[in-house]
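Only one structure is covered here, and it is reproduced in the block below.
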Amino acid sequence: MKPIDPLQLIRTELRQLNAYSVADASGMIKLDAMENPYSWPGELLAEWQQCLSTLELNRYPVSSCEELKQQLFEVFGPLQTDLDMLFGNGSDELIQLLVMAIAKAEASVLTVTPSFSMYRMICTYVGVPCHEVPLTAEFELDLQAMQHAVLEYKPSLLFLAYPNNPTGNLWDPQAIKALVENASGLVVIDEAYAPFSANSLAHLAADHEHVLILKTASKLGLAGIRFGWLTGQRKILAELDKIRLPYNINSLTQTSMRFALEHYDRLAQQARTLCAQRAQLIQDMRSLPGITVYESQANFVLFRAPSGMADRVNEQLKADQILIKNLSSQPYLRDCLRVTVGTAEENAQFLRSLQTVLPIAG
Ligand SMILES: *Cc1c(COP(=O)(O)O)cnc(C)c1O
């Protein structure tokens with residue numbers, strides 16, 4: 001037999017993809033990935049390690065995570081009896097389960113652009129068309145265009161990030177309500193940034209059978225443990241649960257998440273500190289010449305550099321050991337960069353570096 005080229009076996013659309021790239025961050029101030037910059041105080045770390053030391057790593061983890069679920073209910077409010085939760089290895093995994101579950105021959109997904117890139121990426125992995133409706137120039141929802149897209153494509157799944165990444169804003173809740181009421185399929189409200197947001201639409205899951213709320217521990221300060229949860233109708237989650245790989249939440253993650261929830265007030269306090277720092281950062285950035293700084297309800301700030309300067313801004317920051325996200329080559333984000341809110345000291349260093357590349361005012 002002729003030797004085969006293994007690459008020829010791989011689906012064409014996958015071979016055309018670029019792998020999700022993660023920048024090398026060694027020695028850098030990391031303001032590119034919306035991580036919480038604070039660690040836990042020493043006594044808490046010791047207590048957490050104590051908890052981990054009781055785990056039996058030779059055993060499979062608990063698959064149902066009932067106790068963890070109860071704790072989440074207690075911390076984030078009681079749910080109605082027909083609502084349940086499904087856990088993912090990060091909320092990315094839950095997005096993947098959702099897309100896999102609806103992947104019938106004619107199915108499609110709808111979202112907006114610019115938004116969280118994983119919606120589109122995961123659709124590509126699974127082989128489901130993903131339609132993206134552009135936001136307005138002010139990054140608001142274009143309700144008319146969205147309604148039109150719903151009628152045209154009849155998407156099985158609509159993803160709305162609230163607040164949106166990478167724009168940081170909250171869309172008009174009335175517009176979202178209108179989309180929910182006229183939806184052709186499931187609506188997933190992705191509240192990854194809920195800890196930093198003044199508003200939540202989590203109540204929509206209680207009022208509408210086809211609405212699911214997606215949350216994650218990542219932005220709250222636990223990006224390393226990979227844990228996300230989806231809240232929605234029990235009967236829908238039960239179907240998704242069938243394609244969840246057994247034991248997707250490992251024992252270290254379960255125990256760490258339970259420990260973190262017992263000390264949730266600390267994480268909430270860190271989130272409040274970051275919100276105060278965000279206000280300061282936005283105010284300081286707005287005093288710099290030549291950049292447009294967008295409002296944010298998340299733990300990052302989107303800004304527009306002077307025309308054609310985004311790459312230079314990014315290079316200068318990198319030279320000063322500061323990593324942010326350059327979005328300027330993406331559609332609808334010309335000249336835009338996104339900086340994660342860090343500690344007061346990190347933000348000050350970012351501002352000092354940014355200032356050196358911007359044109360002198362006047
Ligand atoms: C970061 C982010 C997520 C992914 O979170 P993980 O739980 O770390 O997979 C989901 N949605 C949005 C909008 C995000 O920005």
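Just follow the structure's listing: the first ligand is 1, and inside any ligand the first atom is 1.
Heavy atoms from other residues, nucleotides or ligands lying under 6.0 Å from CD of Glu43 number more than 12.
Taking the six-membered ring for Trp and the full ring otherwise, Phe139 and Trp171 have centroids separated by 6.0 Å or more. A centroid separation of less than 6.0 Å is found between the aromatic rings of Phe227 and Phe87. The aromatic ring centres of Phe300 and Phe196 sit 6.0 Å or more apart.
The pair Arg258-Glu262 does not meet the salt-bridge criterion, since no charged nitrogen lies less than 4.0 angstrom from a carboxylate oxygen. The pair Glu315-Arg312 fails the salt-bridge criterion, with no side-chain N (NZ, NE, NH1 or NH2) lying under 4.0 Å from an Asp/Glu carboxylate O. A salt bridge links Glu295 with Arg286; the closest basic N to acidic carboxylate O contact falls under 4.0 Å.
Taking 4.0 Å as the cut-off, Met118 does not count as a neighbour of ligand 1 on heavy-atom distance.
Using a 4.0 Å cut-off to heavy atoms of Ser218, the atoms of ligand 1 that qualify are 6 (P), 7 (O), 8 (O). Within ligand 1, the atoms closer than 4.0 Å to a non-hydrogen atom of Gly90 are 7 (O), 9 (O), numbered from 1 in the order shown. Heavy-atom proximity to Asp92, at under 4.0 Å, picks out these atoms of ligand 1: 4 (C), 9 (O).
Taking all heavy atoms of Ser91, Ala217, Ser117, Gly224 into account, the minimum distance to atom 4 (C) of ligand 1 is reached by Ser91.
For atom 15 (O) of ligand 1, the closest heavy atom belonging to the protein is Tyr193 OH, 2.6 Å. Annotation: atom 1 (C) of ligand 1 to nearest protein heavy atom, Lys219 NZ, 1.4 Å. Summary of contacts: the protein heavy atom closest to atom 12 (C) of ligand 1 is Asp190 OD2, 3.4 Å.
Geometrically, ligand 1 and Tyr119 share no nitrogen or oxygen pair separated by less than 3.5 Å.
When heavy-atom distances to ligand 1 are checked against a 4.0 Å cut-off, Arg226 comes that close only through its side chain, counted from C-beta outward.
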